[in-house]
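So you know, we letter chains A, B, ... as the sequences are listed, proteins then strands, and number each from 1. The shown structure was predicted, so the numbers you read here are calculated from the model rather than taken from an experiment.
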Amino acid sequence: MREFVDGATAIARGAIDAGCTFFAGYPITPATPILLHMVRELPKVGGVAIQAEDEMASIGFCIGAAMAGAKVMTATSGPGLSLYSENIGLGIMGEVPMVIVDCQRMGPATGGATTGAQGDVQFIRWGTSGGYPIIALCPTNGPECYSLTIRAFNLAERFRTPVFLVTSKEMVTARTTVEISAYEPVEVVERKVAAEEVEFIPYGFDRLSDVPAMSPFGGSHIVRFTTSSHDERGYMTKDPAKVDRLNRHLAAKIEEHLDEIALVKADMQKGARVLMVSYGITARSMLEAVQVARREGVKVSALTVYSLWPVPEKEIAAALKGIEKVVVPELNLGQYRREIERVAAGWAGPHGPAVVGVNRVDGELISPAEILEGGGIL
Amino acid sequence: MSAAYAQTYLDETTLPYPFCSGCGHGPILNKLNEALLKLGLDPKKVVIVTDIGCVGLSDKYFVTNAFHGPHGRSVTYASGMKLANPELKVIVLMGDGGCGIGGHHLVNAARRNMGVTVLVFNNLNFGMTGGEHSVTTPYGSTTATTPRGNLERPLDICSTVAVNGASFVARATSFDKELTDWMAEAIATEGFSLLDIWELCTAYYVPNNKFSKTKLMATLQSLNLETGVLHREERKEYSRAYRQAHRDQVGLPILTRQGLEAKYTSKVKAKTHILLAGAAGQKIRSTATTFGRGALLCGLWATQRDDYPVTIMSGHSVSEIIISPEEIHYTGIPQPDMVVVLSQEGLNMVRSQISKLGPDDLLYINSSLLPVETEAKTFALDFGRLSRADFRKAGGRVTRKKIAVMAMASFLEHTGLYPLEAFKESIRIGLRPAIAQENLEAVAASEGLISEVM
């Protein structure tokens, strides 16, 4: 049994199966299909989906709802993500679990509303002040839109932090054929909620890498939330020791649990000297490029990166063994290539593999032939 | 009065307040405590949401829940909490600065009648950042950013939210005896309530403008701004209205998966790239979906990418369809094998691909767009040739909405890519019954549409 389905549908199903009960969004091409699905579907599980007055309100509503106990999601595109920036920082600082879907379109600025791109990859990473780790997952097909949406919710709850689902116009709106059996069931992680009888310390953690339990507004405890530098009880503080501890905690809770986040698919061929690395919609072209190259008798390996952030350095380094050239196709001018270069240099020093980009920023997809030609593979 | 939850809602361990001598914030917070005592609310069900500015320090002094966030957005967080849990009493404490940067949220919360209470600590300037002017700074006032006198007219916050649908609106000064009662009424209000509380900023506005309580009263009078309850309106509170409106949706099936069995067979042996190019309003995209779903019914794999401008009912609409006996990863079509063109807008978009078609490729084009330069084997779609009877069969006339489905039915029969029966079944299972019926009539009327162009 197969279905003819777009990514927006798979994402909405994933959200609802993950237990999402709150969605707020503002219409923006190409993210609107997700808003429309959620407006229609969430009331069926007793949830709330609302079109906010702007993007700042969309994510603001989500933050308020998350702190009142809901699993929340919002979806936007580059120009809307720009307006989310302030509240992404709030989500990191206040430790708010939420899922943010970015449906990338051509930028900068209003760019091309109906034109696909992968130009937000570094923006997602560095899109708010202060500079702390963020988590971003990037599906390449319909079943992954479903399963990675659930994983995004799981990671958001596990680490009390905003998690990005990085998609694109193509991923969200194009229809593809999906085997129903290809939808991978994902176990849902529920929010860690403080027991009623314990004294609730909203930002209490023993080890820096621990994630504090939550308690919803209106629940069993008095809850203090703040986006200013705070102590474990949620009171503003300038005490250097407390501020230091908080900031190191925000980093450590993610960076010390990379194994729980890292997700790649390695298709290694014995004796291959060339490795292709890609993500999202472009990874689909890479898949065909691999088939063509091997059919032609050229040995190639391929690495699909699903967890774009934090960069799965260990997994990338493992794939680089024996590799002389890395080809990174992406729909931007080399945003993720920087990361691959960094990992390659760190792993092998100056004698590491050459890293070559294949890039398009004209709204068209990169074809398998362009990867093979641009990467000097065929 | 409800059961008393607390003797005081102030947290004795965090007092005293940190505000300047003579500042109105402390007295207002004392009144808020009195109002909460009067209402006897469960502190666990109350959230005090503070905005930025000196008022942003206030939540610390209460034993209720607290949320402190960035400038102007407090109403959005409060709204989100209320939407998720209508049982909460959410009280926003914001300054006149917050009403400027977050004015849009204020107006929209009022318009929705979102059940939150906003207490504006209106001291006519930015106290925390150094006495800059705000949206409520009176005309002519001296502030750090209006050294020659403020040239902007002050915002009437109360009228703004009242005219946009707030349930309860009042204006007061920090000196008013009635402030406690007005606050209690605001908090008890189901819908959106706002209390604009004028007060003195002794750090900046008072010294910069030789301001005083007397002058504050005189300013209110000169601006024709009354104090007291200004507006009461009975309207449904949003978070409850939403639940009521969607009550009958609970439990309905959610985005069910429409698994398709391969019931038909196809002669397609290789990846086949098809462009369907037309104009907005011609149902290009939905017809492409019907076509793709038909391919699935024949055991094929299909993909569909759409290209269209930001306009809806004008401009081009082009769908790129790939059908293949094997799974398709790359969904792009650098060069198509078959092109179907229905309108000038579509032709303009695919002209360069048409010019690159070879003698083995196929072009089906609305006869009104001929001649066209191409090496492809070309066939005309002659919608004008259909008889009156055919038109009737197609539901009266060949409308914009039907030519795509007629074209693709003809295209299928002509190319034999897969059986027309599968296309018809795709129409039946994918479209609403009335629309499906119209489309099936259009398919029936499409016979004889194609003629070879020499």
Side-chain angles (χ1 to χ4, degrees), chain A residues 1-4 9 12-13 16 22 24 29 37 41 43-46 48 50 52-54 56-57 60-65 67-70 86-87 90 113-114 170 173-177 180 216-228 234-236 284-285 287-288 364-365 367-368, chain B residues 14 43-45 47 57 59-60 63-70 73 76-85 87-88 104-105 108 239 242-243 246 249-255 257-261 289 292-293 296 300-310 327-332 334:
Chain A
M1 295 268 270
R2 294 176 187 164
E3 64 170 348
F4 196 40
T9 306
R13 285 177 186 156
I16 289 171
F22 189 90
T29 306
H37 277 312
E41 305 303 323
K44 298 177 183 173
V45 291
V48 174
I50 182 170
E53 60 266 28
D54 58 28
M56 292 174 282
F61 287 178
C62 285
I63 289 163
M67 296 313 294
E86 174 181 57
N87 273 323
L90 182 153
T114 58
E170 297 298 333
T173 64
R175 281 177 191 273
T176 60
T177 306
I180 302 284
F217 288 136
S220 328
H221 306 99
I222 294 292
V223 181
R224 292 194 52 82
F225 175 98
T226 180
T227 162
S228 297
Y235 290 107
M236 279 186 215
R284 299 174 68 99
S285 301
L287 222 61
E288 284 198 10
E364 298 296 329
L365 299 175
S367 71
Chain B
T14 54
K44 286 179 185 158
K45 302 288 180 205
V47 190
L57 304 170
D59 54 79
K60 173 179 178 180
V63 296
T64 64
N65 296 295
F67 185 110
H68 172 67
R73 314 289 164 233
T76 68
Y77 311 126
S79 299
M81 292 166 204
K82 186 72 182 177
L83 283 166
N85 181 359
E87 301 303 316
L88 291 174
H104 188 37
H105 308 310
N108 281 286
S239 69
Y242 180 94
R243 281 166 173 79
H246 293 86
Q249 297 289 299
V250 178
L252 291 180
I254 295 156
L255 286 171
R257 295 197 173 110
Q258 193 181 33
L260 302 174
E261 303 263 22
T289 302
R293 195 169 43 230
L296 265 64
L300 296 170
W301 298 74
T303 63
Q304 177 192 351
R305 288 177 77 209
D306 301 318
D307 183 59
Y308 44 90
V310 285
E327 186 167 8
I328 304 156
H329 299 294
Y330 167 57
T331 52

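If you measure heavy-atom distances from Glu53(A) to chain B, the contacts under 4.5 Å come from both the backbone and the side chain. With a threshold of 4.5 angstrom between heavy atoms, Leu296(B) approaches chain A through side-chain atoms but not through N, CA, C or O. Within the 4.5 angstrom heavy-atom criterion, no atom of Glu87(B) approaches chain A. Heavy atoms closer than 4.5 Å to chain A are found in both the backbone and the side chain of Thr289(B). Both the backbone and the side chain of Tyr308(B) come within contact range of chain A, with heavy atoms under 4.5 Å apart. Within the 4.5 angstrom heavy-atom criterion, atoms from both the backbone and the side chain of Leu260(B) approach chain A. Only the side chain of Val47(B) has a heavy atom closer than 4.5 Å to any heavy atom of chain A. Residue contact with chain A, scored on non-hydrogen atoms closer than 4.5 Å, involves the backbone and the side chain of Arg257(B) alike. Only the side chain of Phe22(A) comes within less than 4.5 Å of a heavy atom of chain B; its backbone N, CA, C and O stay farther away.
Interface check for chain A: of the options Pro334(B), Gly332(B), Ala84(B), the most heavy-atom pairs under 4.5 Å are formed by Ala84(B). Between chain B and the options Glu364(A), His221(A), Met1(A), the largest number of non-hydrogen pairs under 4.5 Å is found for Met1(A). Contact tally against chain B (heavy-atom pairs below 4.5 Å) for Gly234(A), Ala68(A), Ser367(A): the top residue is Ser367(A). Contact count against chain A (heavy-atom pairs under 4.5 Å) is highest for Pro253(B) among Pro253(B), Ala78(B), Ser239(B). Between chain A and the options Leu300(B), Thr303(B), Asp306(B), Val63(B), heavy-atom pairs under 4.5 Å are most frequent for Thr303(B). Comparing Pro70(B), Gly69(B), Gly292(B) by heavy-atom pairs within less than 4.5 Å of chain A, the highest count is held by Pro70(B). Options Leu252(B), Leu255(B), Asp59(B) differ in how many heavy-atom pairs under 4.5 Å they form with chain A, and the most are formed by Leu255(B). Heavy-atom pairs under 4.5 Å with chain B were tallied for Thr9(A), Thr173(A), Asn87(A); the largest tally goes to Asn87(A). Contact tally against chain B (heavy-atom pairs below 4.5 Å) for Thr227(A), Thr176(A), Ile222(A): the top residue is Ile222(A). Counting heavy-atom pairs closer than 4.5 Å to chain A, the top residue among Glu327(B), His246(B), Lys45(B), Lys60(B) is Lys60(B). Your options are Pro216(A), Ala24(A), Ala113(A), Ala65(A), and the one with the most heavy-atom pairs under 4.5 Å with chain B is Ala65(A). Residue with the most contacts toward chain B among Gly46(A), Gly219(A), Ala70(A), Pro368(A): Pro368(A) (heavy-atom pairs, distance under 4.5 Å).
In this structure, Phe217(A) CZ and Lys82(B) NZ are separated by 14.0 Å, a value rounded to the nearest 0.5 Å. Atom CZ of residue Phe4(A) and atom CZ of residue Arg293(B) lie 8.5 Å apart, to the nearest 0.5 angstrom. With rounding to the nearest 0.5 Å, the separation of CD1 in Ile254(B) from NE2 in His37(A) is 13.0 Å. Of the inter-residue distances, the one linking Gln304(B) atom CD with Thr331(B) atom OG1 reads 11.0 Å to the nearest 0.5 angstrom. If you take CD on Glu170(A) and CG on Leu365(A), they are separated by 4.5 Å, rounding to the nearest 0.5 Å.
In this structure, the side chain of Ser79(B) does not engage the main chain of Phe61(A) through any donor-acceptor pair within 3.5 Å. For the pair Lys44(B) (side chain) and Ser220(A) (backbone), a donor-acceptor distance under 3.5 Å is present.
Side-chain contact between Ile50(A) and Tyr242(B) is absent, with no heavy atoms from C-beta onward closer than 4.5 Å. No side-chain heavy atom of Ile328(B) sits under 4.5 Å from any side-chain heavy atom of Arg284(A). For the pair His104(B) and Met56(A), the minimum side-chain heavy-atom distance is 4.5 Å or more. Contact annotation: the side chain of Phe67(B) approaches that of Met81(B) to within less than 4.5 Å [non-hydrogen atoms, C-beta and beyond]. Proximity of Val48(A) to Arg243(B): side-chain heavy atoms (C-beta onward) are separated by under 4.5 Å at one or more points. A heavy-atom distance below 4.5 Å is found between the side chains of Ile180(A) and Glu3(A).
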